[in-house]
Amino acid sequence: MSRLVLFVLAAAVAGAPAGAQAPKPAPKAPPPAKPWFVDDTKLFEDFMAGLRELGKAGKCLAHEKLHDKMKSGTRAKHAPARAGDAALAPEEVYKLALPSVFVVGSVFKDKDGEWQDGLYATAWAASADGVLVSNWHVFEDLEPSEVFGVTDHKGNVYPVVDFLGGDKAADVAVFRIDAKGLVPLPVADEFAAVGSWVGVLSHPGDNFYLYTTGSVTRYSTNKNDEGKRERWMGLTAEFAGGSSGSPVLNKYGAVVGMSALTLTIEDGSTVPAPAQERRRLRARLRDEKPKAPPPKEKEKDKPEPKEEAKPAPGGATVQMVLKMAVPGPTILKSFEK
């Protein structure tokens with residue numbers, strides 16, 4: 001029996017091709033990339049310093065011209081890129097969007113002629129030649145000399161040089177910066193399905209380039225104070241003040257919405273009407289730490305409220321904060337086909 005086994009093994013060795021090599025080991029996976037540790041203070045201070053210099057040099061679109069262009073109500077003469085069909089992992093969506101997302105901010109002259117920090121929000125690139133998109137309300141209620149610029153995640157600062165159009169009721173603004181070679185985000189021409197995955201890259205509360213994920217919750221509509229119809233997409237991905245204009249992305253890396261406002265739901269009877277409690281999500285820097293109102297003096301002859309009375313203003317419990325965005329197809333209406 002042992003001779004037979006040895007014969008079979010010898011035959012197998014003899015029949016092996018000359019020069020045959022052992023299979024090579026599988027290549028090792030590359031080490032994971034190191035994360036970007038965002039220095040919020042440096043990013044913001046460098047941005048404001050660069051923007052003040054652009055303002056002093058007259059490189060930014062003058063406030064008066066911005067105001068006049070916003071009154072024209074025109075559509076932007078630009079066609080955003082269409083979405084692809086390759087599904088991406090959430091981390092791939094982030095990497096794709098990062099070079100396309102900007103901090104948009106402003107500076108203005110005070111009564112002494114000194115340049116001061118204004119506000120900041122979010123914007124994203126719609127074309128390689130400098131066309132950006134944000135919310136319309138970012139450019140409203142400004143100081144007389146207020147001008148705008150943007151910075152990217154690498155710290156490059158660019159002036160806003162033109163306002164191309166948009167739609168006030170839809171809360172969409174399209175503008176141009178003095179930059180070339182940008183990485184544009186595609187815009188989906190269909191509504192994202194309720195329940196589908198979305199990601200948001202924004203700048204909430206001085207936390208720049210924060211990435212959150214969630215899902216689409218519903219679509220809603222209402223009339224604003226001017227009687228114009230508004231349409232919104234609800235989502236669970238988190239955002240807050242400073243996130244106005246943030247792209248809401250689907251699994252293909254396409255813009256399916258744009259962060260615009262939040263709606264706070266509180267318990268008790270002190271809850272204001274929905275139109276009053278909506279909070280626009282740009283951040284006005286000089287109002288960053290508002291002063292608390294002075295306490296009200298207690299009326300001597302007024303009896304203490306009973307337990308069943310309405311809760312005192314400001315004492316209600318927040319039950320939910322709804323996140324609302326401009327739907328992608330609504331964004332596309334601000335562009336000429």
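The aromatic ring centres of Tyr120 and Phe208 sit less than 6.0 Å apart. Side-chain rings of Tyr94 and Trp36 stay apart, their centers remaining 6.0 Å or farther from each other. Close placement of the Tyr209 and His203 rings is indicated, their centers lying within 6.0 Å of each other.
Looking at Glu53 and Lys56, a side-chain N of the basic residue comes within less than 4.0 Å of a carboxylate O on the acidic one, giving a salt bridge. Remark: Glu226 engages Lys168 in a salt bridge, criterion side-chain N to carboxylate O under 4.0 Å. Electrostatic pairing of Asp167 and Arg75 does not count as a salt bridge here, judged by no charged N lying under 4.0 Å from a carboxylate O.
A donor-acceptor distance shorter than 3.5 angstrom exists from the side chain of Lys323 to the backbone of Phe239, with no hydrogens or angles considered. Formation of a donor-acceptor pair under 3.5 Å by the Thr151 side chain with backbone atoms of Asn156 is found in this model.
The environment of His153 atom NE2 is dense: over 12 non-hydrogen atoms of other residues, nucleotides or ligands sit within 6.0 angstrom.
Within the structure, every pair that satisfies the ring pair (Phe, Tyr, Trp, His ring centres under 6.0 Å) test and touches residues 164-189, not counting sequence neighbours, is listed here: Phe139-Phe175.
Not counting sequence neighbours, Tyr158 has no partner by the ring-ring contact (aromatic ring centres under 6.0 Å, His included) test.
Trp115 and Asp110 share no side-chain donor-acceptor pair at under 3.5 Å.
Screening Ser243, Ser246, Ser134 against Thr122 for a side chain to side chain donor-acceptor pair (under 3.5 Å) leaves a single residue, Ser246.
Both tests do not hold together for Lys77 against Phe335: distance to the six-membered ring centre under 6.0 Å, angle to the ring axis within 45°.
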